[in-house]
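These notes concern the structure reproduced below.
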Amino acid sequence: MKPEILQLSPILIASVRDQLAEIYTVRRYYEQTDKAAYLREHGAAIRGVVTGGHTGITREVMEQLPRLEVVAVNGVGTDAVDLAYTRDRGIQVSATIGALTEDVADLALGLLLATCRGLCTADRFVRAGLWPQSRTPLAPIPLARQFSGMRVGIVGMGRVGRAVAVRAAAFGCPISYTDLHAMGDVPYTFISDLVELARQSDALVLAAAADKAEGLIDAKVLDALGAEGYLINVARGRLVNEADLVAALRQGLIAGAGLDVFVDEPNVPPALYALDNVVLQPHRASATEQTRTRMGEMVLASLAAAFAGQKVVGLVTA
Ligand code: 8YV
C-alpha cells in the first residue's frame with residue numbers, strides 16, 4: 001500500500017506532482033473547504049506532510065496525525081513549523097536548504113534596483129501613454145537614486161545574506177551586516193547593533209530567519225535608516241512592524257521599500273497600493289521553474305529517505 005501524504009500547499013512543477021501521485025496517496029488538504037472533516041477522515045493514515053515555508057504546519061494539525069513520520073517543507077523557512085513539538089515526537093523535518101539561495105538573492109537585487117531606479121513607476125508611466133504627452137519627458141517622474149555604490153546593510157548573514165552581499169559587492173556597494181555574532185569567513189563589516197547598521201546603510205536587506213525576530217524592523221530602525229534609505233524584505237513579513245513601515249513610507253521617513261513578503265499573506269496593507277515608492281511582489285522569490293524543480297526533487301528525496309528509515313535530505317530537526 002502506498003504511504004499517505006497530506007499536502008498543505010500546492011506544488012507547481014508537474015513532474016514533481018506526477019511523481020508524488022505515483023509513489024504516494026496524496027491528500028490535498030489545501031483544496032478542502034471543510035479541513036476539520038478532512039482531517040477526521042484521513043488524519044489517522046497520514047505518514048508524511050508536504051508543506052510550504054510560509055504555510056508550515058501547526059501543532060493542532062500534527063496532533064491529528066498520529067502516524068506522522070516526516071514533514072517535508074518545500075521551502076527553506078521552518079518558522080511556521082512547531083519544531084519543539086516535532087522534536088518531542090521524533091518527527092523528521094526537512095527543508096530545501098540551498099536550493100533557493102540564488103533566486104532569493106536575485107530577487108533582492110531586483111527589488112533594490114526596481115525600488116531605487118523607480119522601474120515600476122516608469123513602467124506605469126510608459127504604459128499609461130504619458131511619455132509622448134510630456135514636453136520634458138522625464139519631468140513627471142522624479143529622478144531616481146543611483147544603486148551602484150550604495151551602502152548596503154544586510155540583516156542575517158546566512159546563505160541568502162551572503163549571496164546578496166556577493167551580488168551587491170559587484171555593484172561596488174560597501175557591505176555591512178548584523179547577525180547573532182560576527183562571521184570570521186566573510187570580508188564584510190559586522191555591526192552588532194541593528195539601529196547602528198540602519199544608520200550606516202543606504203539600503204537595508206532583510207535575509208534573516210523569522211523564528212525569534214518578530215517586529216525586528218520598527219519605527220526606531222526605520223528612523224535610523226532615514227529619508228534617503230531603502231528597505232528590502234525577501235525573508236518574512238513578520239520581521240517588520242508593518243504599521244511602522246507604512247507610516248514611514250507615507251511620511252517620507254524612508255525613501256522606499258521593495259517587499260516580497262508580508263505579515264498576513266496574501267493580504268497586503270492597502271495603504272501600500274497607492275505608494276509609488278514601494279515595489280510589491282506576491283512572495284515570489286523562489287518562484288522560478290529551475291528552483292521550484294530542484295525544491296520539489298528535494299521534497300521527494302526527503303520523503304523517500306524517511307519512509308526507508310533513513311535521515312531526510314535537508315534535515316532541520318529529528
Ligand atoms: C517558498 C519560502 O517559495 O522558502 C521559504 O521559506 O517562504 C518560499 O520562498 C515557499 O515555501 C514555496 O512553497
Side-chain angles (χ1 to χ4, degrees), residues 5-17 19-20 26-31 48-58 61 70-83 86 93-111 155-156 158-164 167 205-214 216 232-240 242 258-268 279-303 312-317:
I5 300 294
L6 193 69
Q7 191 180 344
L8 272 64
S9 63
I11 298 243
L12 302 178
I13 302 294
S15 61
V16 174
R17 273 201 310 271
Q19 286 183 72
L20 265 181
V26 181
R27 305 289 181 198
R28 294 200 179 82
Y29 181 74
Y30 66 94
E31 285 178 352
V49 159
V50 174
T51 187
H54 178 73
T55 308
I57 183 166
T58 63
V61 172
V70 56
V71 173
V73 177
N74 185 33
V76 78
T78 49
D79 49 300
V81 179
D82 187 335
L83 294 179
T86 55
V93 178
S94 68
T96 59
I97 295 166
L100 42 71
T101 309
E102 310 303 327
D103 271 6
V104 178
D106 287 356
L107 193 83
L109 264 286
L111 284 171
V155 179
R159 286 181 192 78
V160 171
R162 286 164 191 239
V164 170
R167 285 159 175 73
V205 179
L206 306 186
D211 16 16
K212 294 184 198 82
E214 196 159 336
L216 191 67
I232 303 298
N233 192 0
V234 288
R236 281 289 184 268
R238 286 194 294 122
L239 289 171
V240 177
E242 246 170 22
L259 308 170
D260 184 45
V261 287
F262 303 87
V263 171
D264 180 30
E265 295 171 13
N267 302 304
V268 172
V279 174
L280 305 172
Q281 288 284 299
H283 199 147
R284 270 177 69 80
S286 70
T288 68
E289 192 81 29
Q290 293 70 22
T291 286
R292 287 291 170 88
T293 302
R294 255 193 316 275
M295 288 164 66
E297 280 162 4
M298 284 180 81
V299 165
L300 286 165
S302 268
L303 295 173
V312 292
V313 175
L315 178 73
V316 176
T317 172

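Remember, it's 1-based here, ligands and their atoms both numbered in the order they're listed.
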Not counting sequence neighbours, which residues clear side-chain hydrogen bond (donor to acceptor under 3.5 Å, both in side chains) with Arg167? List them please. Glu102, Asp106
Return yes or no for this condition: an N or O of [X] is under 3.5 Å from an N or O of ligand 1.
X      : value
Leu100 : no
Gly52  : no
Gly77  : yes

Which residues pass the salt bridge (charged side-chain N to carboxylate O under 4.0 Å, His left out) test with Arg238, not counting sequence neighbours? Asp79, Glu214
Nearest to atom 11 (O) of ligand 1, what protein heavy atom do you find, and at what distance? Gly53 N, 2.6 Å
Please write down residue, atom name and distance for the protein heavy atom closest to atom 2 (C) of ligand 1. His283 NE2, 3.5 Å
Smallest heavy-atom separation, Ala105 atom then Ala163 atom, equals CB-CB, 3.5 Å
Taking all non-hydrogen atoms of both residues into account, name the closest pair between His54 and Ala80 and its distance. O-CB, 3.6 Å
Nearest-option assignment for atom 5 (C) of ligand 1, heavy atoms, candidates Thr51, Val104, Leu12, Val76: Val76
Can you name the atoms of ligand 1, numbered from 1 with element, that are less than 4.0 Å from a heavy atom of Asn74? 10 (C), 11 (O), 12 (C), 13 (O)
Would you mind running through ligand 1 and noting each atom that sits below 4.0 Å from a heavy atom of Ser286? 1 (C), 3 (O), 9 (O)
Verify the neighbour count for atom CD of Glu289: are there more than 12 heavy atoms of other residues, nucleotides or ligands below 6.0 Å? no
Given that the side chain starts at C-beta and the backbone is N, CA, C, O, which of these parts of Arg292 lies under 4.0 Å from ligand 1, counting heavy atoms, or is it both or neither? side chain
Between Leu300 and Leu20, does a side-chain contact (heavy atoms from CB on, under 4.5 Å) hold up when you go through it step by step? CA-CA 7 Å; Leu300 286 165; Leu20 265 181; 3.9 Å; yes
Output, in order, the C-alpha distance, side-chain angles, deciding distance and verdict of side-chain contact (heavy atoms from CB on, under 4.5 Å) for Tyr30 and Thr55. CA-CA 10 Å; Tyr30 66 94; Thr55 308; over 6 Å; no
Non-hydrogen atom of Arg284 closer than 4.0 Å to ligand 1: no
